[in-house]
Engineer: 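A single structure is presented below for examination.
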Amino acid sequence: MNKFLLFLLVLVANFSLRAQKISTINILADSLGRDISPKMWGIFFEDINLGADGGLYAELVKNRSFEFNKPLDGWKVLGGLKIYGLNINNEVTIINNPKANNKNPKYCQIHLLNTTKGSLGITNDGFRGMGIKKDLTYDFSILYRQNLAGKKIHLELLNDKDEIIGEKTIILMNIGHKWQQATTTFKATETCTKAKLKLWFEGTGTLDIDIVSLFPSDTWKGRKGGLRADMVQILADMKPGFIRFPGGCIVEGRDLASRYQWKNTVGPVANRKLIINRWNDEFAHRPTPDYFQTFGLGFFEYFQMAEDIGAEPLPILSCGIACQFNTGELVPLSELDGYIQDALDLIEFANGKANTPWGKVRAQMGHAEPFNLKMIGVGNENWGLQYIERLQLFQKAILAKYPYIKIVGSSGVTSDGPMFEMLDGNLRKLKIDFIDEHYYNKPDWFLANAKRYDSYDRKSISKVFAGEYAGQSDKVVSAENHNNWHTALAEAAFMTGLERNGDVVQMASYAPLFGHMDGWQWKPNLIWVDNLKVMATPNYHVQKLFSTNNGHKIVVTYDNSQKPYAGQDSLYASTVYNKITKELIVKIVNNAQIEQTVNLNLKGIKKWNSTVVHTVIQHNNLQAENTMENPEVIKPQFNSIALSNSLPKILIAPQSLNVFKFKLEE
Ligand code: AHR
């Protein structure tokens, strides 16, 4: 092709990639609008996708107390007499004795007779392997009892080639019927994502073992038996305003018996009765038969984590209705008292003085000061008048004793239609403080609903908690959903609508939070992890950009027809003023495939630091996503730009979320 023609083509192509039109975004900075909570952007945590056991809770041994339905799940017996690969000589047995301990009835009994190292042992595979780091110290502990002293346990940490990458021997000296704890530490010599732990037994006599545990020493804040530091850190980095826990459907249980009961999750870890995780075999396409809840991460730890990361705790409790996607079992109204008492006791656990019955439990766990709980949720995705009836009784009892507590009620699973209308109407009649709305929809829904709250009733006492939302690139519960830029950009556009209406929508959180690469049941998720790494999705970066650029006042932002930007020229915008940092923070989403020129009409501000911080997340390919191998395909870029006059012209990249921070000067 002739060079001149080529030049012309490139010129035309470049030209057509830029919109001709210049949009004006008017920002009424001289008349600060309604209040917005700087704590509005938060996080939703649920033990789904190995979020807690196998995830945040740093325990590396799966089924450490032999309490799974199949007591040797996660364990393999090495040596001993075998037929068809099964241990038949009863050298390694399981005893089940609920009379002796109904919280932890099963334990492993090993019979040794001049047994030498290497002839009888057990190995644990961890949760999809164990993530082990070179040179890091590991804390091993085990409960045991025996009839003859001097037995030895040889510990070996093995890499994926079965080579030893850490070892130690412990000698068990105490004898008798009482359980004893033996502990030791050792260093790993190699990094491995899928290691396993082997225990060889040596000696003679009977050896009972239980709660076989291995933790990395680099847990969050170095707490023994604590949480994975990298997973907490990535949450802390968001500076979340609140943290909702423990879910989600997990709150309700498939049936009432398997609902989340917070009282079973506090106190000594060994006394926390394990239950099956409701996501265990919820989805035929992603069965996870080894998914249980040990509650090593229980309500005390949730409150503590909330405090650590500066987030308001928001616990959600069962309202006496099991998950209505499953059994929908209802507790009769005459029996609801126990459920209500659980809520009242939880408030005492969180806020009561150390001399109250539940405050004492908290104090004994190491936190004499209250956790300063301000809100509580009753029910998750519950619907029908039975829900309203139950919620009303909770509300009456909670407010009678704790009038300062704000209550979150559920508006079901849909965000429109007759069921939603019925629930929303009734919740408003009850003057419930927050109405929990959920939206798992396609990106187009998020774009179209950026205006959703512009017309919401400002006078209603009830405010909105956008408690669970995520753009679905395919459809809800599909294994084909992706955390791609398309979903994240649409969420960003929607979030400008939430922010603009921050007086109505006072809290918002993406859901679910974590997904384990090898152990997920649900997609998409905000953060993906494997046994050693965490990976921020584009959706995470969007959430973080909003939560770390929050404000105290909404600043009216509109187009030349005085309409909020909610899709005109593919633009979406919102502005807040942060009175602490004295910054005017403008967020603009350009959903067009072309770069756009925008006049920012900053009305009423006279002086600002001419160096404006501009953060942008952008990608030309809406299907682009981050992967474990390539985790930074989409991430924020930070620039400083000089904008000094009162009508700065700015270029907004195609398919981008932009944050401009103007530091105001007197
Ligand atoms: O976030 C996953 C699930 O989606 C939650 O448990 C539930 O509330 C919703 O249906």
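Worth knowing before you read on, the calculation uses all heavy atoms, side chains too, and leaves out hydrogens, waters and symmetry mates.
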Engineer: Any Lys/Arg nitrogen of K196 or D162 sitting under 4.0 Å from an Asp/Glu carboxylate oxygen of the other?
Structural biologist: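 Salt bridge present between K196 and D162.
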Engineer: Please determine, by modelled atom types, if D237 and Q233 share a side-chain donor-acceptor pair under 3.5 angstrom.
Structural biologist: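 Note: D237 and Q233 side chains meet the donor-acceptor criterion.
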Engineer: Looking at residues at least two apart in the chain, or sitting in another chain, which of them share a salt bridge (Lys or Arg N to Asp or Glu O under 4.0 Å) with K106?
Structural biologist: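 K106 satisfies salt bridge (Lys or Arg N to Asp or Glu O under 4.0 Å) with no residue once adjacent residues are dropped.
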Engineer: Given Q146 and T206, is the side chain to side chain donor-acceptor pair (under 3.5 Å) satisfied, shown in steps?
Structural biologist: CA-CA 6 Å; Q146 60 181 347; T206 303; over 6 Å; no
Engineer: Between K194 and D518, does any side-chain N to carboxylate O distance fall below 4.0 Å?
Structural biologist: yes
Engineer: Does K263, at its NZ atom, have more than 12 non-hydrogen atoms belonging to other residues, nucleotides or ligands within less than 6.0 Å?
Structural biologist: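 Yes, enclosed.
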Engineer: Assess, by modelled atom type and distance only, whether the side chains of D47 and W279 contain a donor and an acceptor separated by less than 3.5 Å.
Structural biologist: no
Engineer: Any luck finding a side-chain donor-acceptor pair between E202 and H154 under 3.5 Å?
Structural biologist: yes
Engineer: So, Q293 versus N277: side-chain donor-acceptor pair below 3.5 Å or not?
Structural biologist: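 Q293 vs N277: no donor-acceptor pair found between side chains.
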Engineer: For K198, look at atom NZ and say whether over 12 heavy atoms of other residues, nucleotides or ligands are found less than 6.0 Å away.
Structural biologist: yes
Engineer: For K168 and T184, which I'm curious about, is there any donor-acceptor pair between the side chains at under 3.5 Å?
Structural biologist: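 A donor-acceptor contact under 3.5 Å links the two side chains.
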Engineer: Quick one: do W179 and D210 satisfy side chain to side chain donor-acceptor pair (under 3.5 Å)? Show the steps, please.
Structural biologist: CA-CA 9 Å; W179 287 97; D210 205 353; 5.9 Å; no
Engineer: Anything under 30° is parallel, anything over 60° is perpendicular, the rest tilted; go ahead and classify Y260 against Y302.
Structural biologist: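 Ring orientation of Y260 relative to Y302: tilted.
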Engineer: Spell out, as yes or no, whether a donor-acceptor pair under 3.5 Å connects the side chain of S318 to the backbone of R259.
Structural biologist: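 No, because the side chain of S318 does not come within donor-acceptor range (under 3.5 Å) of the backbone of R259.
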Engineer: Using atom types as modelled and distance alone, determine if a side-chain donor or acceptor of K523 lies under 3.5 Å from a backbone N or O of A479.
Structural biologist: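 Yes, because the side chain of K523 sits within donor-acceptor range (under 3.5 Å) of the backbone of A479.
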Engineer: Which pair of heavy atoms, one from L207 and one from K151, lies closest together, and at what distance?
Structural biologist: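 Nearest pair, atom of L207 first, then K151: CB-CD, 3.9 Å.
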Engineer: If you compare all heavy atoms of L373 against all heavy atoms of A350, which two are closest, and at what distance to 0.1 Å?
Structural biologist: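 Heavy-atom minimum between the residues: CB-CB, 3.7 Å.
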Engineer: How many angstroms lie between atom CD of Q543 and atom CG of L526, to the nearest 0.5 angstrom?
Structural biologist: 6.0 Å
Engineer: Around atom NZ of K39, are there more than 12 heavy atoms of other residues, nucleotides or ligands at under 6.0 Å?
Structural biologist: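 Above 12, so yes.
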Engineer: Identify the heavy atoms of I132 and A188 that sit nearest to each other, and give their distance.
Structural biologist: CG2-CB, 3.4 Å
Engineer: Tell me, please, which residues at least two apart from N326 pass side-chain contact (heavy atoms from CB on, under 4.5 Å).
Structural biologist: R254, R278, E282, C323
Engineer: Tell me, yes or no, whether the heavy-atom count around H285 atom NE2, taken from other residues, nucleotides or ligands under 6.0 Å, exceeds 12.
Structural biologist: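 Above 12, so yes.
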Engineer: Just by distance, do the side chain of N159 and the backbone of E163 share a donor-acceptor pair under 3.5 Å?
Structural biologist: yes
Engineer: Give a yes or no answer on whether the side chain of N49 reaches the backbone of W522 with a donor-acceptor pair at less than 3.5 Å.
Structural biologist: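 Side chain of N49 to backbone of W522, a donor-acceptor pair under 3.5 Å: yes, one is there.
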Engineer: May I ask you to check whether F245 and F44 place their ring centres under 6.0 Å from each other?
Structural biologist: no
Engineer: Does one side chain, of Q304 or H367, offer a donor that lies under 3.5 Å from an acceptor on the other?
Structural biologist: no
Engineer: Is the side chain of T93 donor-acceptor paired with the backbone N or O of Q109 at a distance under 3.5 Å, no angle test?
Structural biologist: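 It does hold such a pair.
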Engineer: Hey, could you give me the CZ/CD distance between F371 and E369, rounded to the nearest 0.5 Å?
Structural biologist: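 The distance works out to 10.5 Å.
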Engineer: Does any donor atom in the side chain of N483 or N539 lie under 3.5 Å from an acceptor atom in the other side chain?
Structural biologist: yes
Engineer: Quick check: are there more than 12 heavy atoms from other residues, nucleotides or ligands sitting under 6.0 Å from NZ of K401?
Structural biologist: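 Above 12, so yes.
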Engineer: Using a cut-off of 6.0 Å, state whether more than 12 heavy atoms not belonging to K360 lie near its atom NZ.
Structural biologist: no
Engineer: Taking atom types as modelled and ignoring hydrogens, do the side chains of H438 and D436 form a donor-acceptor contact shorter than 3.5 angstrom?
Structural biologist: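 Their side chains do contain a donor-acceptor pair, which is all the 3.5 Å distance test asks for.
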Engineer: Of the options K374, R244, K406, which is the one that meets E312 in a side chain to side chain donor-acceptor pair (under 3.5 Å)?
Structural biologist: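 Between E312 and the candidates, side chain to side chain donor-acceptor pair (under 3.5 Å) is satisfied uniquely by K374.
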Engineer: Before we go on, tell me: are the rings of F434 and F465 under 6.0 Å apart, centre to centre?
Structural biologist: no
Engineer: For the pair Y57 and F215, name the ring-plane relationship: parallel under 30°, tilted 30 to 60°, perpendicular over 60°.
Structural biologist: perpendicular
Engineer: Establish, from distance only, whether the side-chain atoms of N372 and N351 form a donor-acceptor pair under 3.5 Å.
Structural biologist: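 On atom types as modelled, these side chains do not qualify, holding no pair under 3.5 Å.
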Engineer: Going by side chain to side chain contact (heavy atoms under 4.5 Å, CB included), L274 matches just one of N264, N104, T294. Which one?
Structural biologist: T294
Engineer: Is the W262 to F349 ring centre distance short of 6.0 Å?
Structural biologist: yes
Engineer: If I compare all heavy atoms of E468 with all of E381, which pair ends up nearest, and what's the gap?
Structural biologist: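 Looks like OE1-OE2, 4.1 Å.
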Engineer: With a 3.5 Å cut-off and no angle check, do the side chains of N525 and W520 form a donor-acceptor pair?
Structural biologist: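 No, no side-chain donor-acceptor contact under 3.5 Å.
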Engineer: To the nearest 0.5 Å, what is the distance between CG (N380) and CD (E46)?
Structural biologist: 7.5 Å
Engineer: Do D230 and K533 meet the salt-bridge criterion of a basic N to acidic O distance under 4.0 Å?
Structural biologist: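 D230 and K533: not salt-bridged.
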Engineer: Let's go through Y107 and R145 carefully: what are the C-alpha distance in whole Å and the side-chain angles of both, what is the deciding distance for side chain to side chain donor-acceptor pair (under 3.5 Å) to 0.1 Å, and is it a yes or a no?
Structural biologist: CA-CA 11 Å; Y107 58 89; R145 57 187 187 183; 3.1 Å; yes
Engineer: Can you measure from CG (L197) to NZ (K62) and round to the nearest 0.5 angstrom?
Structural biologist: 13.5 Å
Engineer: Can you give me the closest heavy-atom contact between T191 and K134, atom names plus distance?
Structural biologist: OG1-N, 3.0 Å
Engineer: Quick one: do the T288 and Q521 side chains pair a donor with an acceptor below 3.5 Å?
Structural biologist: yes
Engineer: Can you confirm whether the side chains of E156 and W200 place a donor and an acceptor under 3.5 Å from each other?
Structural biologist: yes
Engineer: Between N280 (side chain only) and Y291 (backbone N and O only), is there a donor and an acceptor less than 3.5 Å apart?
Structural biologist: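 Such a contact is found between N280 side chain and Y291 backbone.
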Engineer: With rounding to the nearest 0.5 angstrom, report the CE to CD1 distance, M238 to I43.
Structural biologist: 6.0 Å
Engineer: Looking only at the side chains, is there a donor atom on one of S213 and E59 sitting less than 3.5 Å from an acceptor on the other?
Structural biologist: yes
Engineer: Taking the six-membered ring for Trp, is the centroid-to-centroid distance between F292 and F68 below 6.0 Å?
Structural biologist: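 For F292 and F68, the ring centres are under 6.0 Å apart.
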Engineer: Checking S217 side chain against T137 main chain: does a donor-acceptor pair fall under 3.5 Å?
Structural biologist: yes
